[in-house]
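Worth saying up front: this structure is predicted, and the values here are computed from it rather than measured. Below, chains carry the letters A, B, ... as their sequence lines are ordered, and counting in each starts from 1.
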Amino acid sequence: MSIVTSWRPRRGRNVELLLLIFAVAIVVLAYVSVEGATHGTIPANLATMAGGLLSIAVAFHLVLRFTASYADPLLLPIATLLNGLGLVMIHRLDIAEGRSITGGMALRQLTWSALAVGIAIACLLWLRDHRTLRKYTFLAGASGVALLLLPLLPFVGREVNGARIWIGIGPFTFQPGEIAKIALAVFFAGYLVRTRDVLSIAGPKFLGMQLPRGRDLGPILVMWLLSLAVLFFQKDLGSALLFFGLFVAMLYVATERIGWITIGLLLAGGGAVIAWMLFGHVQTRVLLWLHTWTPEALAASDQLAKGLMGMAAGGLFGTGLGRGRPDITYFAESDFIVSSFGEELGMTGLFAILMLYILLVERGLRIAIGVRDGFGKLLAAGLAFSVALQVFVVVGGVTRVIPLTGLTMPFLSSGGSSLLANWTLVALLLRISDQARQPLTDMAATGPIPTVGARR
Amino acid sequence: MNAPIRRLSVLATMLFAMLLLSTTWIQFAKAREINAKPDNRRTLLASYNRERGSIIVAGEAIARSSASTDELKWERSYPLGELYAHVTGYYSFIYGAGGGIEGADDDLLSGRSDKLFYRRVSDLLTGKAPVGASLELTINPAAQQAADKALGDQRGAVVALDPKTGAILAMVSHPSYDPALLASHNLGAVEKNWLRLLKDEGNPMINRAIAGNLYPPGSTFKLVTAAAALESGDYTQDSRIPGPAALTLPGVEKPLPNHDGQACGANDETTLLHALEISCNTAFAALGMKLGPDALQEQAAKFGFGKVLNVPMRVTASSVPTGMNEPNTAQAAIGQYDVRTTPLQMAMVAAAIGNGGEVMSPYLVRRVLGSQLQTIDEASPKSLGEAVSTSTARQLTTMMEAVVSQGTGRAAQIGGVQVAGKTGTAQHKVGAAPHAWFVSFAPASDPKVAVAVVVEDGGSAGSEAAGGSVAGPIAKAVMEAVISS
């Protein structure tokens, strides 16, 4: 017996719109509170700012309504809120450093935000089905590695703050590693969906654990070497950790074999020990991490200590936006923007921000579970988990869970490449979620699954 | 592939849980500790945002904050700079608050103290800008000036106490420095001044009265030995004790001599009173051996030796070494060997004798004042216990009066006032001139002031000096200043 109902799946677009208005309202409130605390006035351009922000957000929302109407309704509001809060904090630091609006970092960040949102919209319009990306698996892989290694080239590569992860052409600088993250996630997903059957063949048993076959170790070793190369030549601990972690996680999802994680952890641990033994800068990082307050560590660098002092000054409820001294911390608008938020919004505010991230990650993983094709599952899981890893590496570094590395905080940190990459990431997740949440009856209308050159 | 994705989401949750924990650790559990780090610029800036309380002596501010136009909204000034340097200490943006009341009572001056909680709440409700508490000190400005002037260019320290309450009436340590050198907002100059003061071989930033160089007390310690003898019940001021020209110590080749190489009385015998009056080494060394190291130590402890005091600055504990053999005990009984004291401790010994045997806890802050100069807290004198009985105190007073009227301390005589005192000349280094000491109180029958003076290396008189001639006049000047004010 079956019950026939006229059930319509909830698309959540109205919820999204409501949340978007809410997110913009929070950002505007934060802006008013910064201006009130620093200048004692309500900003004159408030209406323009609020209107501009809202119209960008609503434009994105409308695109979703028409091209991905089943997309997850939480992703866009979360990204908007984080991006907006980051803007406010960067503006607040502009004021503290005495930078004018036109010469400040906030305006640059705003321009990049608009551009990033534009590219994300373009991405959604161009990519009507995420499975199309499978066609570009190896192109993505090649460009990912190329982007990753680009800063090592003479003339274009730039070393900033001891890490060679920037490229510069004329006055423009760019951190290609962020884009490489997405390219590599696409490549891993495409590659693993093809090879997962082989990679999950059981190998020898060791201590009750099923290990993979020795001859299948190739890919993970290649990734390991690539990560080590990033670490050694670019001195970029964070990216190395991120890429290798991302690969191992996706390998595990593809093969369902814990053995791969064990091997990954062993390789990562081995790499860390080798790096620690060979490189002075790694030893310094470890010293700063474990013995932050000792005179030797403070003599080497007090940037971590300064960040911690900022967070401690904030305490439970923070000094209030515009009322602390986050400008005392170095890189307060990029690597240490988390400390800046901790100082002015307190532990409570930082918790709220972390909650936004975990929500973003868990929604992403939920999309991975919901989507029906293997490629989509792997890609969504990989993208979502990369955000979790990155947040962990950044916040963990600032709060002494792990050694400090040089990654940016997604959406919050100042930096164009980071914004571009993360908005694109959200666009991809939105596209996948549209299919994940679409009822099967609607699927027929979108046409058959495109065939790709699978060798299986 | 869904099962591993679910596990991945658990892993992600765990990663975030770790971040929540680490954030809590920093912003909640360890926040106080991190905020209190000495080089925490935020804490300093926050304290500069609030008007810091003044330090007041007899109605006049010796440290005060005035509005400044730069980033640090308040600048600290010290109108009488060097005179009160070791009392006020310094308040420096780079080096924090230290060196005196500024450091020891930073919580009150900055307004952070829990004692000011209700005031803070009421300030919050009435919308008043929060202000730190002001502190009124027990210092007698006349005594402080007299001590400073009398000590002059000599290295050393002077402490004066009110024997009945323990209130500190004067505290001078030379060489001194001007705290304004460290309080300036010209940070480059401050750094230069700081390094210069640190390198200065006279160590001007050390408060010799309560800390830093502990001195051997020399013959002033004979007061403690005499007190132990009288307290034992076996002696009175008139008891006859041996006092040869030199005393052979068991197992030591070189005998212990008197300063003048003479016996202290006929037939190598003397009375306890006379022995103190002429500061007879052999008599007190023999007495010390007879009483034993434990008796000396117990008596010293009753006077406050071994105690760390906060006045509110931390006072280094004075000490009599443990496990002394006979020759060591003999040396300790005349204030040599490893007996080490602060001038404040010796002033407490004199004060206790003048106060009928009761030791009062020394203190420097009389009242804590709010922004309208209303009293928030007032010090009440606290006893540290009875060091000696009233009768012992009386006999010791008589003996000390003899020291000043006809003994080694004649330089401290004041016309029309009975002064009780004891001289000291402390050997501290082979070849170096001894430190000159003088401890006293006056008037002897109803003391208003007790003083300890130490002049390093015998001061200007060089190695010939006895405590009386170098340190005595300084003590006299301070006592006169207190009695006539």
Side-chain angles (χ1 to χ4, degrees), chain A residues 193 196 249-250 252-258 293 298 302 305-316 318-319 324-325 328 338-339 342-343 346-348 350-351 354-355 357-358 361-362 364-366 368-370 374 377-378 380-381 384-385 387-389 391-392 395-396 398-401, chain B residues 1-50 70-74 93-96 110 112 114 120 124 127 129-130 187 191 198:
Chain A
V193 86
R196 54 187 291 245
M250 289 177 74
Y252 167 62
V253 172
T255 61
E256 309 197 7
R257 292 223 167 274
I258 290 282
W293 303 106
L298 288 174
D302 62 347
K306 284 229 160 85
L308 291 171
M309 286 175 181
M311 292 180 73
L316 285 183
T319 57
R325 288 300 303 268
I328 291 176
V338 171
S339 303
E343 178 169 359
M347 192 182 93
T348 339
L350 203 49
F351 272 24
L354 288 174
M355 284 304 156
Y357 281 107
I358 187 72
V361 170
E362 298 293 349
L365 292 171
R366 178 67 189 81
I369 288 173
K377 271 186 195 302
L378 276 169
F385 192 68
V387 174
L389 261 181
V391 170
F392 179 74
V395 184
V398 170
T399 60
R400 288 183 70 196
V401 178
Chain B
M1 286 189 267
N2 286 349
I5 293 175
R6 287 209 172 82
R7 268 177 233 133
L8 215 53
S9 92
V10 172
L11 176 64
T13 313
M14 273 160 34
L15 290 180
F16 274 85
M18 277 164 79
L19 297 182
L20 297 184
L21 274 177
S22 65
T23 309
T24 312
W25 182 247
I26 293 162
Q27 301 203 264
F28 178 66
K30 287 277 166 189
R32 254 188 118 90
E33 190 183 308
I34 296 175
N35 284 333
K37 296 266 179 209
D39 46 357
N40 193 326
R41 246 189 98 192
R42 286 179 179 84
T43 309
L44 262 175
L45 279 172
S47 59
Y48 271 89
N49 272 335
R50 178 185 294 179
D70 52 15
E71 182 193 37
L72 313 173
K73 293 181 185 146
W74 299 95
F93 182 71
I94 309 179
Y95 303 104
S110 67
R112 279 197 310 269
D114 292 339
R120 275 206 302 271
L124 197 70
L187 301 184
E191 203 172 338
L198 271 191

Worked verdict on A:Met309 versus B:Arg41 for side-chain contact (heavy atoms from CB on, under 4.5 Å): CA-CA 9 Å; A:Met309 286 175 181; B:Arg41 246 189 98 192; over 6 Å; no

Chi angles and distances behind the side-chain contact (heavy atoms from CB on, under 4.5 Å) call for B:Phe16, A:Val395: CA-CA 9 Å; B:Phe16 274 85; A:Val395 184; over 6 Å; no

Verdict with supporting geometry, B:Thr24 and A:Phe351, side-chain contact (heavy atoms from CB on, under 4.5 Å): CA-CA 9 Å; B:Thr24 312; A:Phe351 272 24; 3.3 Å; yes

B:Ile34/A:Trp293 under side-chain contact (heavy atoms from CB on, under 4.5 Å): CA gap, chis, key distance, verdict: CA-CA 10 Å; B:Ile34 296 175; A:Trp293 303 106; 3.9 Å; yes

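When the side-chain hydrogen bond (donor to acceptor under 3.5 Å, both in side chains) test is applied to B:Asn2, the partners found at least two apart in sequence or on another chain are A:Lys377. Taking the side-chain hydrogen bond (donor to acceptor under 3.5 Å, both in side chains) definition, one finds that B:Lys37 meets it with nothing, sequence neighbours left out.
Atoms CD1 and CG, from A:Ile358 and B:Leu15 in turn, are 8.0 Å apart once rounded to the nearest 0.5 Å. Atoms CZ and CG, from B:Arg6 and A:Leu365 in turn, are 11.0 Å apart once rounded to the nearest 0.5 Å. In this structure, B:Ile5 CD1 and A:Ile369 CD1 are separated by 5.5 Å, a value rounded to the nearest 0.5 Å. Note that CG of B:Leu11 is 8.0 Å distant from CG of A:Leu389, once rounded to the nearest 0.5 Å. The CG atom of B:Asn40 sits 9.5 Å away from the NZ atom of A:Lys306 when rounded to the nearest 0.5 Å.
The candidate with the highest count of non-hydrogen atom pairs below 4.5 Å against chain A, out of B:Ala31, B:Ser22, B:Ser9, B:Ala3, is B:Ser9. Interface summary for chain B: among A:Thr255, A:Val391, A:Leu298, the most heavy-atom pairs under 4.5 angstrom belong to A:Val391. With chain B as the partner, the residue from A:Gly315, A:Ala388, A:Ala254 showing the most heavy-atom pairs under 4.5 Å is A:Gly315.
Only the side chain of A:Val361 comes within less than 4.5 Å of a heavy atom in chain B; its backbone stays farther off. Interface residue B:Arg7: only side-chain heavy atoms are found under 4.5 Å from chain A. Proximity to chain B (any heavy atom under 4.5 Å) is shown, for A:Phe392, by both the backbone and the side chain. Proximity to chain B is limited to the side chain of A:Val401, based on heavy atoms less than 4.5 angstrom apart. Of the atoms belonging to A:Glu256, heavy atoms from both backbone and side chain fall under 4.5 Å from chain B. Proximity to chain B is limited to the side chain of A:Leu350, based on heavy atoms less than 4.5 angstrom apart. For a residue to count as touching a neighbouring chain, one of its non-hydrogen atoms must lie under 4.5 Å from one of that chain's; by this rule A:Val387 does not touch chain B.
Of the possible polar contacts, none joining the B:Arg42 side chain to the A:Gly314 backbone as a donor-acceptor pair under 3.5 Å is found. One N or O on the side chain of B:Gln27 and one on the backbone of A:Met311 form a donor-acceptor pair closer than 3.5 Å.
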